[in-house]
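Have a look at the structure below before the remarks.
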Amino acid sequence: MAVLITGGAGYIGSHTCVEMLNAGYELIVIDNFSNSKPDVIERIQKITGKTLTFYEATLLDKEMIDTIFSNHEINAVIHFAAYKAVGESVEKPLMYYQNNLISTLNLCEIMDKYGVYNLVFSSSATVYGNPDRVPITEESPLRATNPYGHTKQMTEQILQDLFISNPMWSIASLRYFNPIGAHESGLIGEDPTGIPNNLLPYISQVASGKLPHLNIFGDDYETNDGTGIRDYIHIMDLASGHVKALEHVLVTTGVEAFNLGTGKGHSVFEMIDVFEQVSKKQIKYSIQERRPGDIAVCFADPSKANHVLQWSAKRGIYEMCKDTWKWQTQSGKQLIR
Ligand code: UFG
């Protein structure tokens with residue numbers, strides 16, 4: 001039985017490929033390298049000692065997807081391929097709607113054509129916008145606040161409608177909190193182009209001397225130390241959540257959303273403190289204004305995934321920071337073409 005992974009060379013996709021290969025699945029991977037590099041595919045195979053079938057292609061090319069489905073016995077799909085930068089989505093909304101929605105529509109159309117109804121979709125906690133209360137459960141209202149988040153929320157709606165139209169569909173939308181860290185080998189990790197937007201890649205580049213200091217976006221939130229609190233989750237825990245979600249969709253039908261988070265929140269200062277411990281470097285910082293659109297506190301209630309998927313996050317922030325630092329320093333990251 002083969003599983004198609006779209007966007008399998010990306011940050012979350014590549015770590016999920018490792019977990020899927022380790023779990024014994026045959027993988028067909030497609031990626032257009034819009035935000036990833038070809039070496040990642042080699043490294044996934046090196047880490048696991050297993051091979052996968054790779055296509056360099058975009059989901060916007062419907063004929064190509066059709067060809068892939070006709071070439072292989074595909075049983076299920078894990079769909080990551082999408083643009084994901086919040087700021088860029090505000091500047092270029094059409095690009096985001098065009099890419100993220102059309103890709104998914106094409107994929108679902110071809111899945112339907114070939115009678116493949118098992119789908120795990122890469123959603124995001126961003127669909128909750130500014131939540132009324134924390135921890136956030138899956139029942140919290142969906143009110144994304146930017147085009148990127150709207151594409152995730154709209155896709156979840158499309159998938160609900162698909163299931164209503166045909167109850168053969170079995171779909172899990174996984175709402176990720178803040179994925180960080182890297183595979184323990186240091187061979188794959190997050191490799192943002194340009195100046196990172198997210199906290200951990202930024203801290204990591206300050207520690208390595210690539211960036212002079214961290215800008216902390218606000219120290220006057222109503223939190224223990226005034227900085228924003230998030231639910232950071234180790235990328236390998238997130239990857240194992242996909243394997244569990246896939247096992248679930250293979251034996252059920254329906255459409256379900258699951259929070260993938262640890263259920264614990266940590267502040268920016270806590271993350272700096274732990275990163276200084278693991279890297280033995282000082283993280284210089286400067287306090288800035290709040291970043292527009294940021295919320296004070298965001299963390300998951302992961303109990304639905306704990307019970308229904310029999311999954312829970314195992315790794316704490318020390319391991320997350322340690323593996324991020326290993327990737328930053330020992331990976332030969334620079335060697336990735
Ligand atoms: N932060 C800084 N300085 C930085 C970057 C971030 O102080 O240079 C702070 C933010 O203000 C926030 C925390 O660090 O308090 C985390 O910020 P990130 O940018 O790392 O993460 P966000 O929670 O803002 O957003 C992330 C993803 C989104 C996703 C969302 C889901 O980037 O794509 O989580 O909750 F939608």
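No experiment lies behind these values; they were computed from the predicted model shown.
When only modelled atom types and interatomic distance are considered, T227 and D219 share no side-chain donor-acceptor pair under 3.5 Å. Using a 3.5 Å distance cut-off with no hydrogens or angles, the side chains of H183 and D323 do not pair a donor with an acceptor. Remark: the Y114 side chain and the D66 side chain contain an N/O donor-acceptor pair separated by less than 3.5 Å. Using modelled atom types and a 3.5 Å distance limit, the side chains of E88 and Y96 yield a donor-acceptor pair. With 3.5 Å as the limit, one finds no donor-acceptor pair spanning the side chains of W169 and T253. A donor-acceptor pair shorter than 3.5 Å can be found between the side chains of Q288 and S286. When only modelled atom types and interatomic distance are considered, E156 and S123 share a side-chain donor-acceptor pair under 3.5 Å.
Tracing side-chain contacts under 4.5 Å through hydrophobic residues (I, L, V, M, F, W, Y), one never reaches L4 starting from L250; they form parts of separate clusters. Put simply, Y25 and L174 are part of the same group of oily side chains (I, L, V, M, F, W, Y) that touch within less than 4.5 Å, one to the next. Both V308 and L246 belong to a single network of hydrophobic side chains, linked directly or stepwise wherever heavy atoms of I, L, V, M, F, W or Y lie under 4.5 Å apart.
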Begin from the C-alpha positions of H72 and Y55 and carry the test side-chain hydrogen bond (donor to acceptor under 3.5 Å, both in side chains) through to its verdict. CA-CA 12 Å; H72 303 276; Y55 290 90; 2.7 Å; yes

side-chain hydrogen bond (donor to acceptor under 3.5 Å, both in side chains) assessment of S204 paired with Q328: CA-CA 7 Å; S204 181; Q328 179 74 40; 2.9 Å; yes

Go through it in stages, so that I can follow the logic: the residues are D31 and S36, the test is side-chain hydrogen bond (donor to acceptor under 3.5 Å, both in side chains), and I'd like the CA-CA distance, side-chain angles, deciding distance and then a yes or no. CA-CA 8 Å; D31 204 298; S36 58; 3.2 Å; yes

Worked verdict on T137 versus D301 for side-chain hydrogen bond (donor to acceptor under 3.5 Å, both in side chains): CA-CA 5 Å; T137 68; D301 176 343; 5.9 Å; no

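Within the hydrophobic cluster formed by Ile, Leu, Val, Met, Phe, Trp and Tyr side chains joined at under 4.5 Å, directly or through other members, V297 is accompanied by V127, Y128, V134, I136, L142, F177, I229, F299.
Under the 4.0 Å criterion applied to side-chain N and carboxylate O atoms, E184 and K322 are not assigned as salt-bridge partners. Under the 4.0 Å criterion applied to side-chain N and carboxylate O atoms, K37 and D191 are assigned as salt-bridge partners. A salt bridge does not link K314 to E319: none of the charged side-chain nitrogens sits closer than 4.0 Å to a carboxylate oxygen. Checked for salt-bridge contact, R175 and E138 miss the test: no charged N lies under 4.0 Å from a carboxylate O. Checked for salt-bridge contact, K46 and D39 miss the test: no charged N lies under 4.0 Å from a carboxylate O.
A centroid separation of 6.0 Å or more is found between the aromatic rings of F163 and F121. Ring centroids of Y176 and H242 are separated by less than 6.0 Å, placing the two rings close together. Ring-centre distance between Y285 and F269: below the 6.0 Å cut-off.
Within the 3.5 Å criterion, the main-chain N or O of G181 finds a donor-acceptor partner in the side chain of T324. No donor-acceptor distance shorter than 3.5 angstrom exists from the side chain of S89 to the backbone of P93, with no hydrogens or angles considered.
Residue P302 comes nearest to G261 through the heavy atom pair CB-O, 3.4 Å, listed as atom of the first residue, atom of the second, then distance.
Shown here are the salt bridge (Lys or Arg N to Asp or Glu O under 4.0 Å) partners of D237, two or more places apart in sequence or in another chain: R315.
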